Amino acid sequence: MPGTIEKSAMDRSGIGGHPRGLTTLFFTEMWERFSYYGMRGLLVLYMTTAVASGGLGFSDRMAAEIYGVYTGSVYLMSIPGGWIADNVLGTRRSVLFGGAIIALGHYSMAYPSIYTFYAGLVLIVLGTGLLKPNVSALVGNLYTAEDERRDAGFSIFYMGINLGAFIAPLVCSYLGEKVDWHLGFGAAGIGMTFGLIQYRLGQGRLGDIGKPPALERTVITRNAIRGAAMMLLCCGVVALLWFGPEPLRRNKMTIIGTLVAIFLVWMFTSYLRPEEKKPVGVIVILFFFSIIFWAAFEQAGSSFNLFAQRFTDRSLPAGLVTLLPEALQRQVADGFPAGWYQSVNSIFLICLAPVFSWFWLRMGKRQPSSPAKFSIGLLFVGLGAVLLAVASASLGSGIGAGSGVVGPWWLVGVYLLQTIGELCLSPVGLSTTTRLAPERLTGLMMGVWFLSISFGNFLAGEAAGDFGSGEALIRLFTRVAAFPIGAALLLLLLIPFIKKLTR
Ligand code: GLN
């Protein structure tokens, strides 16, 4: 369809002189992320709240584990989700169906019962698997490979992600924590519904991109069955390893590690062509470091969220409180919602992303290499946890607020450091993967990148299970700091080797 590509390549009538389709995709992803992060901010707090107070009364460990399985599965599912788009639905319809399934999932959680709670989580996992990788792919399709607006287009899109992620906790955490948990989940569903309506109405702006693959009906049917089987297989493996028989549960990390090792050996010995081995080798090295990064970064919604709830002074200034209507005063008597801290990462990201692109552009050729940026990213995410370990240590010593809580700015500092880390690592990971991947393997290598995020999330849940108080808290955050900082140093040592591989 050269005509179409030309059309959108020349189209400058959307946001910031970009193709009009970007406007539609910007708002679709903004609302999808609104629903995702709005619900995510509530999830652990809802599970750990006592039944008498409207929660599920789970232990911290169980809640962290479910949280990790959920977020890990969301990213895992993007691999079959991408495949289904390429081989069955086309990216465009995948986004539509995915969005509808996500909305259903949130509405399911808005109904107070344990069955609808779990059903909702599964629906969101499946829906996000269909939507998330494909909405990004659609953004890519708006531009030709040479289009100079391409990177800028993705930056604008990333702003949409973070705009949704910024607003969501403000709304959903307030409703969920202060009024009713299920109202918060419902608000997430309403956000996704806005996104769907907007997507339907704005579809015309996408032109001809993302249409279903031109395959025969029988082939499509066969692929559909395969795609569904892939999704079921992923769900099944996760269910067995996390909720299955005890020996499987106990050894899940060993089992996953072995499967990954087998896959790597197979790929390098019988699948890759000789000239592909070096660049793919680099992607594999970065894969392991990326896991460590996300395992630390994704403490945000679990252990950091619990820290905000239990150990952070969230009281509002008394002068401000007296200005509020009486009903509101009662709601904020024990402080602002803990989930509001979930917005801090996004607001920093929105402010700092332009600064970073300006800075890298200005440094030009003198800027750090991609693996060096990766290492800096790991360092900063580790430093964030160092700050929280210090805050935890000060809890017992009576520095700060003194009454078993720390001041409200500690977590803001933690998220600032994390965001700097994210800006050094996340875009670099994506662009390095797409740049190094041999052309016939782009999809597979994108899958590898998503898989690293997925494994990072699984690991984050395991780690956050050690949440506690006193020594346990300090130990947890020290570990969350030590791994990425150690990894940053190791990666620094590996840079000459990596450079040799990419040459
Ligand atoms: N915050 C970004 C998003 O939700 C990136 C997070 C990630 O890739 N793990 O898309």
Side-chain angles (χ1 to χ4, degrees), residues 25-41 43 67-68 70-79 81-82 95 98 102 124-125 127-129 131-140 154-169 188 191-192 195 286-287 289-302 304 341-353 356 374 377-378 381 415 418-434 446-461 484:
L25 301 173
F26 177 96
F27 287 110
T28 309
E29 181 62 343
M30 182 192 91
W31 282 118
E32 185 271 328
R33 290 286 97 184
F34 173 96
S35 74
Y36 180 78
Y37 284 108
M39 192 286 267
R40 195 190 86 154
L43 188 54
Y67 175 90
Y70 162 70
T71 55
S73 303
V74 163
Y75 287 98
L76 182 65
M77 215 47 89
S78 58
I79 298 169
V95 170
I102 292 171
I124 300 169
V125 164
T128 314
L131 187 146
K132 179 92 163 126
N134 296 320
V135 69
S136 313
L138 278 173
V139 175
F154 272 101
S155 302
I156 294 176
F157 182 70
Y158 212 75
M159 288 288 173
I161 288 180
N162 282 287
L163 201 57
F166 166 61
I167 305 166
M192 188 66 251
L286 294 182
F287 166 82
F289 287 100
S290 168
I291 294 177
I292 297 176
F293 177 86
W294 294 109
F297 186 86
E298 293 287 343
Q299 295 300 313
S302 52
F304 293 2
Y341 277 109
Q342 301 293 311
S343 295
V344 177
N345 164 244
S346 309
I347 194 71
F348 274 138
L349 200 128
I350 292 170
C351 299
L352 291 179
F356 267 72
F374 232 76
L378 280 157
V381 85
Y415 286 121
Q418 281 217 339
T419 309
I420 296 174
E422 179 183 0
L423 280 161
C424 291
L425 184 138
S426 181
V428 175
L430 270 176
S431 73
T432 313
T433 310
T434 42
M446 274 322 283
V448 168
W449 173 251
F450 273 110
L451 207 59
S452 73
I453 302 179
S454 166
F455 286 178
N457 276 274
F458 283 130
L459 215 57

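Just follow the structure's listing: the first ligand is 1, and inside any ligand the first atom is 1. Given the structure is predicted, the values throughout are model-derived calculations rather than measurements.
Side-chain atoms of E422 and N345 form a donor-acceptor pair, as typed in the model, at a separation below 3.5 Å.
Ligand 1 has no N or O atom lying under 3.5 Å from any N or O atom of E29, backbone or side chain. The shortest N/O to N/O separation between Y75 and ligand 1 falls below 3.5 Å. Remark: ligand 1 and S426 share no N or O pair separated by less than 3.5 Å (distance only, no angle test).
A donor-acceptor pair under 3.5 Å is formed between the side chain of T434 and the backbone N or O of S431. Not a single donor-acceptor pair under 3.5 Å links the side chain of N457 to the backbone N or O of W294. Remark: the backbone N or O of M192 is not paired with any side-chain donor or acceptor of S35 at under 3.5 angstrom.
Close approach of ligand 1 to E298 is summarised as follows: ligand atoms under 4.0 Å from at least one heavy atom of the residue are 9 (N). Applying the 4.0 Å criterion to heavy atoms of K132 picks out, from ligand 1, the atoms 3 (C), 4 (O), 10 (O).
Atom 1 (N) of ligand 1 has its closest protein heavy atom at Y37 OH, 3.0 Å. For atom 8 (O) of ligand 1, the nearest non-hydrogen atom of the protein is I453 CD1, 3.6 Å. Given atom 5 (C) of ligand 1, the protein heavy atom at minimum distance is Y158 OH, 3.3 Å.
The part of W294 lying near ligand 1 is the side chain, judged by heavy-atom distances below 4.0 Å.
Remark: distances from the non-hydrogen atoms of Y36 to ligand 1 are all 4.0 Å or more.
Taking the side chain as every heavy atom from C-beta outward, I79 and L451 approach each other to under 4.5 Å.
Note: I292 CD1 to F455 CZ = 13.5 Å, rounded to the nearest 0.5 Å.
For the pair R40 and Y37, the NZ or CZ position fails the cation-pi test of under 6.0 Å to the six-membered ring centre and within 45 degrees of the ring normal.
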